[in-house]
Amino acid sequence: MRRFPLLALLLFSLFFSNITARVQAQSLRALKHEIATLCSPTMAGRGYVAKGAERAARHIARRFREMGLQPLAADSSYFQPYTFPVVSFPDSVLVSIKDDDLDPGVDFLVDAASSSYRAHRQRVQRVNVGRYKDSSQWITQKRYFNEHKIYLLEGTDSLCKLLHIRPRQLAAQLPKSCYIIPIKGKMTWTVATHTIPATVLYIQDSVLPKRLRRMNVGIHSEWLPAFKTANVVGMIRGTAVPDSFIALTAHYDHLGRMGWDATFPGASDNASGTATLLQLAQYFAQHPQRYSLLFMAFSGEEAGLLGSTFFVEHPLVPLANIRFLLNIDIMGNAEEGITVVNATSFPKEFALLDTLNKKESQLPQIRSRSQAPISDHFPFSKVNVPAFFIYSNGGQGYYHDVFDKPATLKLTNVDKVMDLVKRFISALQ
Ligand SMILES: [Zn+2]
């Protein structure tokens with residue numbers, strides 16, 4: 001008889017730990033599914049080719065509607081439209097040496113601001129730009145560059161050091177023609193909101209033959225002066241103080257596609273954060289909180305925090321009524337926990353996060369970092385909206401490249417991060 005309560009307790013706890021494990025497995029499956037959708041070929045890297053970003057925005061709005069989130073825009077939609085200028089590479093991005101096509105995104109990248117260039121069996125001239133002793137020498141030399149040759153620039157590292165600039169800034173100074181800048185190691189692409197006169201190819205040193213006399217280049221870049229895009233915003237009304245808000249944000253855009261073949265899926269950056277945002281929206285739709293909750297999926301982040309900046313300049317709720325904002329960007333693997341950017345500006349909220357984690361959520365570590373203008377929390381910080389930016393620690397190092405694919409995300413501890421965010425939001429006074 002005396003053993004019975006103990007046995008019952010054991011069975012009871014087993015039953016519930018089983019449920020928790022099942023719920024966790026379910027939410028992980030849902031997260032994976034969402035990431036796979038956002039990284040699917042139809043979304044074309046959520047950028048500027050094949051309506052990639054637009055398709056992602058529509059998908060997020062559809063999910064908001066399914067969950068019953070309240071729209072905030074004047075036309076009762078979830079979209080906050082705006083435009084920005086951008087360079088896109090919709091089709092031909094061809095580089096071939098001795099009739100072998102190089103693999104775009106793997107063997108080479110086109111500078112994101114490049115102009116178009118097309119030449120068949122064009123002569124290649126090596127130029128050692130590393131020999132310049134001062135920048136005036138470099139400026140005189142630039143006059144020799146003309147459109148009828150492709151220039152393979154050697155020694156760009158020392159020239160960049162001399163001029164105190166990065167390779168991309170060097171590319172911006174080049175006159176109209178085609179240039180090769182050899183690269184060793186990781187290639188990182190980006191988005192440009194301006195064009196440069198030159199066409200600059202960053203090619204892996206290992207695929208450049210010692211003797212390179214001629215090559216074929218066909219780069220088609222398209223200047224879009226007013227690319228149409230939208231932030232996607234939904235709300236869950238608060239039960240006690242509905243006119244005050246806690247905002248959860250994540251950017252859904254990525255780099256898109258470079259030509260026909262090189263897609264940048266952006267699984268970690270930031271399909272992972274967008275999927276996390278959607279999972280949290282789903283939970284809170286069933287569990288409304290004291291404050292109203294804003295869910296904001298921004299576009300234009302990779303082009304320079306443009307979506308969040310637009311929202312701050314055209315807010316759909318009074319910015320002064322935002323009690324706190326949590327931005328999630330890169331949530332692919334929290335094996336080593338998370339880092340909180342801007343933690344030092346809000347020690348009380350950081351302490352709350354840390355205490356909740358130690359007591360309940362059990363992430364291995366929460367690192368505190370000072371302010372940095374590196375994601376969508378920053379435009380809000382500039383207008384004094386209290387904000388944290390959370391990213392996960394433990395990724396594979398794929399960033400802004402063609403290898404940032406769903407299969408490389410472990411998603412370890414991401415359920416714990418979501419648990420922590422839920423507890424933090426409920427506890428926030
Ligand atoms: Zn990002």
Side-chain angles (χ1 to χ4, degrees), residues 31 34-35 37-39 43-48 52-53 56-57 59-60 84 86 105 109 112 168 186-193 227 229-232 247-258 263-280 295-312 325-334 338-342 367 369 371-381 387-406 408-411 414 417 421:
L31 197 68
E34 199 60 72
I35 291 170
T37 306
L38 290 164
C39 296
M43 302 235 179
R46 304 182 304 284
Y48 311 98
H59 169 73
I60 295 162
F84 62 84
V86 74
L109 289 176
R168 283 192 68 201
K186 176 159 170 30
M187 294 202 290
T188 304
W189 209 40
T190 182
V191 185
T193 53
F227 175 77
T229 181
N231 296 325
V232 191
L248 284 163
T249 67
H251 76 88
Y252 70 82
D253 65 297
H254 194 58
L255 308 177
R257 233 174 57 194
M258 188 185 84
T263 302
F264 294 73
S268 155
D269 184 13
N270 187 29
S272 64
T274 307
T276 306
L277 182 90
L278 288 171
Q279 285 285 100
L280 288 166
F295 292 87
M296 307 201 268
F298 294 125
S299 63
E301 195 268 354
E302 306 289 5
L305 315 179
L306 300 180
S308 48
T309 301
F310 186 85
F311 185 92
V312 165
L325 181 144
L326 286 179
N327 176 54
I328 304 168
D329 191 358
I330 300 190
M331 196 44 70
N333 182 9
I338 53 171
T339 294
V340 179
V341 175
N342 207 22
R367 289 183 212 159
R369 187 174 160 181
Q371 180 63 294
I374 49 175
S375 191
D376 284 321
H377 66 294
F378 191 69
F380 289 90
S381 292
F388 283 161
F389 157 34
I390 294 174
Y391 63 85
S392 62
N393 298 319
Q396 309 277 305
Y398 300 124
Y399 173 76
H400 284 209
D401 54 37
V402 292
F403 308 109
D404 183 10
K405 293 178 181 171
T408 66
L409 303 187
K410 286 194 190 165
L411 300 177
V414 176
V417 177
V421 171

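Worth saying up front: this structure is predicted, and the values here are computed from it rather than measured. All ligand and atom numbering here is 1-based and tracks the order in the structure. If you read the sequence from its start, that first residue is 1, and numbering goes on from there.
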Atom pair CD (E301) and OG1 (T309), whose distance is rounded to the nearest 0.5 Å | 10.0 Å
Atoms of type N, O or S from protein under 2.8 Å of the Zn ion (ligand 1), total 4
Here the gap from T276 atom OG1 to D329 atom CG, rounded to the nearest 0.5 Å, amounts to 10.5 Å
Between CG of L109 and CZ of F264, what distance do you get to the nearest 0.5 Å?
-> 5.5 Å
Quick check: does any side chain N or O of N231 sit under 3.5 Å from a backbone N or O of G307, one acting as donor and the other as acceptor?
-> yes
For D404, which of D269, L255, N270 qualifies under side chain to side chain contact (heavy atoms under 4.5 Å, CB included)?
-> D269
What residues, two or more places apart in sequence or in another chain, satisfy side chain to side chain contact (heavy atoms under 4.5 Å, CB included) together with S308?
-> F298, L305, D376, P379, F380
